[in-house]
Number of protein chains: 2
Amino acid sequence: MPIQAIRTQRLYRQIADQLRQLIERGEFPPGTLLPPERELAQALGVSRASVREALIALEVVGQVEVRVGHGVVVLEPKSSSVLPVMSQAARQQPWALDPEFSDETALDFEEEIPPYALLQARRHVEPEAAALAAEHVTPEALESIREAFTRNVEDNHRVQKRGGGGRPHSHAGDRLFHMRIAEASGNPAYALLIKHLLGHQYGVMFRRLQDLYMTTDMSDRSQEDHQRILDALIAKDANAARAAMADHLDYVLETFFAEAE
Amino acid sequence: MPIQAIRTQRLYRQIADQLRQLIERGEFPPGTLLPPERELAQALGVSRASVREALIALEVVGQVEVRVGHGVVVLEPKSSSVLPVMSQAARQQPWALDPEFSDETALDFEEEIPPYALLQARRHVEPEAAALAAEHVTPEALESIREAFTRNVEDNHRVQKRGGGGRPHSHAGDRLFHMRIAEASGNPAYALLIKHLLGHQYGVMFRRLQDLYMTTDMSDRSQEDHQRILDALIAKDANAARAAMADHLDYVLETFFAEAE
DNA sequence: AATTGCCAATGGCCTGACCTTTAAACGATA
DNA sequence: TATCGTTTAAAGGTCAGGCCATTGGCAATT
């Protein structure tokens with residue numbers, strides 16, 4: 001016989017479980033009120049504090065709603081699909097999504113980072129990643145970079161053929177190019193960093209940069225820059241790769257800020 | 001003038017929300033312990049019962065784990081919990097919604113990055129962030145950095161008093177120190193990068209580094225380094241800050257790799 | 001009929017106490 | 001020296017009782 005792990009469940013869990021069973025059994029149909037906290041405490045032979053903890057647990061998962069001065073209302077068992085609690089939680093905890101309550105939270109991952117800050121960071125990180133890549137790049141990695149380069153060239157071609165009125169230019173090739181260089185550095189941390197930096201340039205503020213990309217010779221110049229970087233990687237010349245990447249980003253920075261003022 | 005609806009949040013929600021923010025800000029990284037209930041209650045100016053209710057709410061949502069007689073452990077932000085999985089995913093990889101960028105560049109973020117790679121990247125990024133911070137730091141930011149420094153000193157003290165057999169050393173103070181400097185740089189991108197780098201040093205491989213921290217004079221030396229960095233920031237000396245941060249990380253790298261071979 | 005005032009019921013929160021569990025620290029012992 | 005109980009401080013678990021704030025129905029008032 002397998003050993004039965006005896007676990008002294010914390011009281012609030014036991015109470016919450018029991019209440020949940022009673023609710024599901026129909027003892028307290030949706031819409032009705034649970035007995036008052038004081039009664040529950042006495043009936044269960046526990047303190048009111050424990051009952052309150054149990055009720056809060058049930059409230060957090062959206063099974064009941066506590067109304068001050070009124071009572072504890074049993075809620076409808078909402079869509080018990082894969083993400084039942086999601087909608088429930090969102091409804092029951094407006095503060096979870098309410099911007100008013102996320103003030104100063106610095107939800108650092110959603111925060112929109114200004115283009116200049118992003119580019120400044122990339123300007124600092126990517127040349128080093130490129131230098132590392134020149135030293136550590138494998139033939140396969142080089143091939144994947146070359147492929148990204150080609151794709152970027154195609155992207156640029158497409159945009160020029162269509163003129164300014166085409167669909168928004170896809171920067172997938174460009175992103176892929178930078179991303180794969182970072183991966184080729186052999187240091188996954190650099191790849192992580194650059195991936196995050198690239199991932200944050202989807203904010204509205206980047207529309208300007210993207211517009212610039214099409215209304216200037218930026219794409220041509222970028223392509224030349226990319227070619228230089230690629231050559232340096234092929235030559236496994238760390239210094240050249242670092243310099244080429246730095247020049248490239250300097251150019252982007254300059255272009256952006258020349259127009260931005 | 002429209003009437004402003006007064007919304008008296010129940011106390012446990014305010015507390016839970018605040019704790020959640022602190023956790024997300026990095027004050028209490030995953031794996032560390034929250035302050036004892038009694039301390040929290042006193043610090044927040046509320047009763048212990050309310051703190052407990054908040055902790056239960058956080059526990060139900062899978063953000064913390066309460067261990068009897070031990071403390072409240074901060075958990076990894078797992079999407080397996082009751083938390084809204086979608087928004088969680090989107091929060092961590094904003095570009096996940098862009099189909100053009102989702103191809104092949106799968107560098108999953110759960111991947112464990114080797115300590116050396118992590119430290120190398122930090123070695124490259126943090127000195128620059130420190131230099132920027134020296135130029136842009138505000139009095140409030142400086143105060144928050146000083147507070148993190150103090151906390152780190154306390155952490156070290158605690159570990160020394162207990163000797164080698166003490167409980168695992170909390171690096172919360174150290175993390176905070178580095179993170180707040182990044183935030184003080186005025187460039188949110190640097191803060192983002194460093195936050196992610198720090199967030200990855202919880203893998204098993206870092207146990208060695210953490211052990212070293214206690215079995216050598218690393219904590220003393222680190223503390224001196226931190227002091228130098230702090231002084232440079234106070235003096236608003238960018239070059240000194242950059243150098244101090246670089247020296248600090250060089251020391252950590254050296255120590256780790258002298259022992260690691 | 002509408003408004004106002006009252007009040008019992010109910011949840012919200014606090015204080016302070018005591019118990020149980022955990023794990024570090026300590027000794028005793030082999 | 002290493003191992004194994006014992007001790008003990010710290011942390012969570014629970015309880016009792018009290019006071020406050022809100023709600024909602026009912027009665028008194030206009």
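Note that this is a predicted model, so its numbers are computed, not measured.
In this structure, Arg52(A) reaches the dG12(C) phosphate: one of its side-chain N or O atoms is under 4.0 Å from OP1 or OP2.
Listed by chain and residue number, Arg48(B), Arg52(B) satisfy the salt bridge (Lys or Arg N to Asp or Glu O under 4.0 Å) test with Glu37(B) (two or more places apart in sequence, or in another chain). For Glu143(B), the salt bridge (Lys or Arg N to Asp or Glu O under 4.0 Å) criterion is met by Arg146(B), not counting sequence neighbours. Applying the side chain to side chain contact (heavy atoms under 4.5 Å, CB included) rule to Glu128(A) yields the partners Tyr190(A), Arg242(A), His124(B); only residues at least two apart in sequence or on another chain are considered. For Glu147(B), the salt bridge (Lys or Arg N to Asp or Glu O under 4.0 Å) partners at least two apart in sequence or on another chain are Arg180(B). With sequence neighbours excluded, the residues forming a salt bridge (Lys or Arg N to Asp or Glu O under 4.0 Å) with Arg67(B) are Glu65(B), listed by chain and number. The ring pair (Phe, Tyr, Trp, His ring centres under 6.0 Å) search around Phe177(B) returns His226(B), not counting sequence neighbours.
Note: CG (Leu33(A)) to P (dT10(C)) measures 9 Å, nearest angstrom. Separating the CD atom of Glu37(A) from the P atom of dA16(D) is a distance of 15 Å, rounded to the nearest angstrom. Atom CD of Gln9(B) and atom P of dA21(D) are 18 Å apart (whole Å). Here dC13(C) presents its C1' atom at 14 Å from CG of Leu44(B), a figure rounded to the nearest Å. Between Arg10(B) atom CZ and dC20(D) atom C1' the separation is 16 Å, expressed in whole Å. The nearest whole Å value for the distance from the CG atom in Leu40(B) to the P atom in dG12(D) is 8 Å. Atoms CD1 (Ile15(A)) and P (dG13(D)) sit 13 Å apart, rounded to a whole Å.
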Measure all distances between protein nitrogen or oxygen atoms and nitrogen or oxygen atoms of nucleotides 14-17 of chain C, and list the pairs falling under 3.5 Å.
{"unit_1": "dC14(C)", "atom_1": "OP2", "unit_2": "Ser47(B)", "atom_2": "N", "d": "3.1"}
{"unit_1": "dC14(C)", "atom_1": "OP2", "unit_2": "Ser47(B)", "atom_2": "OG", "d": "2.9"}
{"unit_1": "dC14(C)", "atom_1": "OP2", "unit_2": "Ser50(B)", "atom_2": "OG", "d": "2.5"}

Tabulate protein N/O versus nucleotide N/O from nucleotides 20-23 of chain C, keeping only pairs under 3.5 Å, one per line.
none

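Annotation: salt bridge (charged side-chain N to carboxylate O under 4.0 Å, His left out) contacts involving residues 18-32 of chain A, sequence neighbours excluded, comprise Asp17(A)-Arg20(A).
Using modelled atom types, one side-chain atom of His136(A) and one backbone atom of Ser185(A) make a donor-acceptor pair closer than 3.5 Å. Checking side-chain atoms of Gln14(B) against main-chain N and O of Gln9(B) turns up a donor-acceptor pair under 3.5 Å.
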